[in-house]
> 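Take a look at the following structure, please.
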4 protein chains.
Amino acid sequence: MNAIRERRGAETAEAGERRPPRRPRRRMPESRRGELMDAAERLFLAKGVAATSVDDITTAAQVAKGTFYVYFPSRDALLAALQQRFVDGFCQRVDAALARRRTSDWNGRLRAWFATALDTLLDQLVLHDMLFHELGHDHRDLIHDNPVVTQLAALVSQGVAAGVWHAAEPRYIAIIMFHGMHGLADDLAAQAQSGNKAARKRLADTLFNTFSSAMRPLVP
Amino acid sequence: MNAIRERRGAETAEAGERRPPRRPRRRMPESRRGELMDAAERLFLAKGVAATSVDDITTAAQVAKGTFYVYFPSRDALLAALQQRFVDGFCQRVDAALARRRTSDWNGRLRAWFATALDTLLDQLVLHDMLFHELGHDHRDLIHDNPVVTQLAALVSQGVAAGVWHAAEPRYIAIIMFHGMHGLADDLAAQAQSGNKAARKRLADTLFNTFSSAMRPLVP
Amino acid sequence: MNAIRERRGAETAEAGERRPPRRPRRRMPESRRGELMDAAERLFLAKGVAATSVDDITTAAQVAKGTFYVYFPSRDALLAALQQRFVDGFCQRVDAALARRRTSDWNGRLRAWFATALDTLLDQLVLHDMLFHELGHDHRDLIHDNPVVTQLAALVSQGVAAGVWHAAEPRYIAIIMFHGMHGLADDLAAQAQSGNKAARKRLADTLFNTFSSAMRPLVP
Amino acid sequence: MNAIRERRGAETAEAGERRPPRRPRRRMPESRRGELMDAAERLFLAKGVAATSVDDITTAAQVAKGTFYVYFPSRDALLAALQQRFVDGFCQRVDAALARRRTSDWNGRLRAWFATALDTLLDQLVLHDMLFHELGHDHRDLIHDNPVVTQLAALVSQGVAAGVWHAAEPRYIAIIMFHGMHGLADDLAAQAQSGNKAARKRLADTLFNTFSSAMRPLVP
DNA sequence: GATGAATGAGGCTTCATTCAT
DNA sequence: TATGAATGAAGCCTCATTCAT
């Protein structure tokens with residue numbers, strides 16, 4: 001706080017015309033917090049994280065600027081909340097997909113992994129990039145020390161243990177898979193084809209073929 | 001690239017009461033632009049792209065603020081120049097490495113590609129990330145329409161044409177290779193092992209084995 | 001700095017209509033700094049320190065808001081500068097007045113001290129109060145560990161040593177004198193009579209009589 | 001006055017993720033107003049008037065923010081109430097002390113005035129300064145048109161009328177006394193000696209001696 | 001070419017106060 | 001009475017960029 005600059009409101013008052021009536025408040029308590037996050041996500045997508053101000057967000061969410069700070073201590077806190085929400089959603093979707101296959105169906109699960117991850121990512125690729133690339137380094141660990149990579153590495157290890165795959169370094173393979181998948185998704189998006197289902201299938205197939213081939217045991 | 005330079009201290013001049021008049025420096029005016037780029041690169045590395053102002057850059061480069069705009073039309077233009085410089089350097093190194101192998105030595109060239117790319121990237125991974133991740137979306141096309149990927153795709157295609165490899169989608173494979181390599185590099189860096197030569201070798205081997213295995217022709 | 005919120009100017013650009021021509025800058029270099037201090041002083045006097053914003057100040061000084069921060073690192077820094085200027089001026093005036101009397105003219109010098117201090121204070125009493133009362137405690141030491149009090153205490157001590165006055169605690173007396181004088185000045189100002197020369201004289205007389213009487217040696 | 005109270009810790013509740021619902025407290029509603037004043041006083045002392053928000057106060061008083069406005073029309077009103085409470089307490093203490101002396105014991109009463117005023121002030125000097133210096137000018141009239149000064153002036157006048165003292169301008173003398181006493185109190189506090197009983201006595205003696213000497217009738 | 005004072009459009013936060021419940 | 005979510009006006013400060021010298 002400043003040395004002086006006494007609390008406002010007092011001397012600012014001057015004339016008696018105290019603030020005009022505001023528009024109705026206290027709408028349905030449908031989580032103002034979630035509404036702010038949604039609005040922010042929409043704007044980030046539309047004009048970029050950097051170009052979106054708190055003002056933009058509150059305007060879009062139809063609340064007063066000050067309301068933002070009722071729900072988030074700072075603009076950065078919103079970013080973090082959005083990231084967490086993204087990762088949680090991603091993991092949930094992939095988990096669910098894998099859970100629908102039998103444990104012993106190794107190739108089926110690997111194929112499902114690629115297909116679901118690709119789908120999930122492409123469905124909100126731009127959002128993902130906004131959230132995780134436009135951020136400082138510190139925040140990107142979420143994607144590096146990723147539960148997703150860990151999960152994938154486990155799948156590979158188990159397949160290797162089961163004798164269906166060969167891989168000297170399961171974790172490395174998992175990383176290559178994850179980032180390879182990511183690169184393809186980016187590429188598709190760069191061609192404005194993220195929505196192209198056939199293209200997605202082709203990508204998933206390429207990934208599956210590439211890695212199942214790469215992990216083909218030497219002695220069949 | 002000469003990212004490593006004098007390092008004239010932290011340059012944070014504490015804001016003295018009255019700054020002494022800067023002696024008119026009569027260096028080769030040719031070098032000014034490069035000096036600004038070097039200073040910027042140093043600062044970006046040290047405190048991040050977003051946190052570095054034009055003022056910081058000119059102060060570090062020991063020129064007046066206005067001078068910046070003599071050499072760059074805008075702050076963003078400097079960023080672009082830095083990116084270009086990075087990509088050029090990367091390509092040069094990889095090109096040189098490949099050029100040392102016989103054209104027919106496909107596996108040798110692929111192995112060389114991985115090893116060199118990994119080395120080059122790891123040598124300046126932080127800079128790379130600053131330059132290509134902390135940027136708005138518009139600027140990241142450099143990485144998508146990447147000369148590096150194109151070059152790699154060509155290598156794969158030629159190998160396929162020569163009958164030594166099998167790949168239904170050479171470009172996709174190239175993308176997977178590039179991003180897989182990238183992911184491993186990031187991972188190594190995340191473990192603060194970027195300088196570990198043995199680890200680098202292991203990574204390059206994994207990449208080579210994975211993809212040469214993935215591209216193994218069905219009928220040998 | 002924020003995690004993101006990339007430097008402005010870039011994406012804010014949007015349309016090509018880059019900032020409109022500004023009004024002529026680079027006026028006479030008649031110390032913009034001093035002009036800002038003067039403007040601030042005027043406003044502080046008129047509406048109070050707390051109620052005066054940086055914006056008000058720059059508007060009054062006819063410079064852009066940003067210009068303020070070219071000359072002062074913060075609003076508080078301006079306050080400090082203003083205080084220093086005030087104390088310096090006060091001391092100078094009183095010193096000059098005392099210097100015009102012979103050293104041996106003890107009563108003359110005491111009388112001169114009261115008259116000059118009262119005058120100086122009353123001439124800018126409101127300013128003084130703004131500057132030193134509306135401030136946090138830390139800043140008020142300027143008035144406590146005051147060069148003025150010290151100087152006054154010295155005068156008393158010397159008079160005592162010379163045998164013309166009696167005072168067991170010269171420093172205490174000096175403090176009482178200083179604050180008593182201050183209280184009378186405040187009182188006069190509270191009656192909107194700060195400009196009343198006759199009243200000032202009466203006050204100075206009262207002070208002189210009171211204290212010369214209080215310090216009358218027991219054995220004349 | 002009950003400035004010293006429970007002292008429930010620093011009250012800075014760290015802003016937890018979700019605040020637990022405050023249990024509806026059913027205290028004597030009568031005490032609420034006083035509790036708010038006490039909390040405010042504690043906070044003002046601890047962090048300054050300007051740095052203390054209504055929110056801080058209600059949090060410390062363990063009531064909802066809105067409750068504040070049930071008891072005070074504005075933040076300023078609280079300040080005024082606090083000032084009034086202070087002045088009342090001061091006068092009461094001094095009155096009580098004077099009442100213990102015989103009316104005709106002029107010097108005894110003057111001495112008692114100095115001693116009591118000094119004690120009272122020093123006991124809560126910081127609070128006094130917060131309340132009366134950190135305020136805008138408008139509010140400081142309480143100290144100018146001071147009941148304390150008025151009371152003191154009356155004492156002097158009566159003493160003069162009784163022929164025991166000489167003073168051309170009783171009111172001026174009273175002002176000088178009051179502010180001189182104040183200055184000495186500040187000085188003692190500035191040396192962190194407010195609690196030093198011996199020092200207080202010395203100050204009171206100095207004041208009494210100074211002024212009884214100053215008011216010594218010319219013809220004894 | 002160089003310079004650096006000046007600009008002014010924002011950005012982020014804070015907080016006194018209101019009012020539906 | 002009591003509550004606390006919501007408000008929105010202001011405030012301070014940053015910084016890319018311009019331009020007279």
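All values reported here derive from a predicted model rather than from experimental measurement. Below, chain A is the first sequence line, B the second, and so on; all start at residue 1.
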> Return the nearest nucleotide to the side chain of Val63(C); candidates are dT7(E), dG1(E), dA2(F).
dT7(E)
> Would you mind telling me which residue lines up with the more 5' stretch of DNA chain E, Phe68(D) or Gly66(B), judged by nearest nucleotide?
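Result of the comparison: Gly66(B).
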> What is the distance, to the nearest angstrom, from the CZ atom on Arg75(A) to the P atom on dT14(E)?
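Rounding to the nearest Å, CZ of Arg75(A) and P of dT14(E) are 15 Å apart.
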> Partner lookup for dA20(E), please. Criteria are Watson-Crick or G-U wobble with both distances under 3.5 angstrom; report none if nothing qualifies.
dT3(F)
> From C-beta outward on Val70(D), which listed nucleotide comes closest to its side chain: dC12(E), dC12(F), dT3(F)?
dT3(F)
> Counting only side-chain N and O atoms of Arg33(C), is one of them less than 4.0 Å from OP1 or OP2 of dA5(E)?
no
> Nearest to the side chain of Ser74(D), which nucleotide is it out of dT17(E), dG4(E), dC12(E)?
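When the side chain of Ser74(D) is considered, dT17(E) is the closest of dT17(E), dG4(E), dC12(E).
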> In whole angstroms, how far is the C1' atom of dA5(F) from the CG atom of Leu36(A)?
12 Å
> So which nucleotide from dT1(F), dA10(F), dC12(F) ends up closest to the side chain of Ser53(C)?
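The listed nucleotide nearest to Ser53(C)'s side chain is dC12(F).
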> Closest approach to the side chain of Val54(A), judged atom by atom: which nucleotide of dC12(E), dT7(E), dT3(E) is it?
dC12(E)
> Using OP1 and OP2 only, check whether a side-chain N or O of Thr67(B) sits under 4.0 Å from dT3(E).
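Answer yes for this pair, as a side-chain N or O of Thr67(B) is under 4.0 Å from OP1 or OP2.
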> Taking atom P of dT13(E) as reference, at what distance in whole Å does atom CG of Asp55(D) sit?
17 Å
> According to a strict under-4.0 Å criterion, is Tyr69(A) in side-chain N/O contact with OP1 or OP2 of dT13(E)?
yes
> In terms of side-chain heavy atoms, does Asp56(A) have a donor or acceptor partner in Ser53(A) at a distance below 3.5 Å?
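The criterion, which ignores hydrogens and geometry beyond distance, is satisfied for Ser53(A) and Asp56(A).
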> With the threshold set at 4.0 Å, does a side-chain nitrogen-carboxylate oxygen contact exist between Arg75(C) and Asp55(C)?
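Between Asp55(C) and Arg75(C) there is no salt bridge, as every charged N stays at least 4.0 Å from the carboxylate O atoms.
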> What is the pairing partner of dC12(F), taking Watson-Crick or G-U wobble pairs with both distances under 3.5 Å in any strand?
dG11(E)
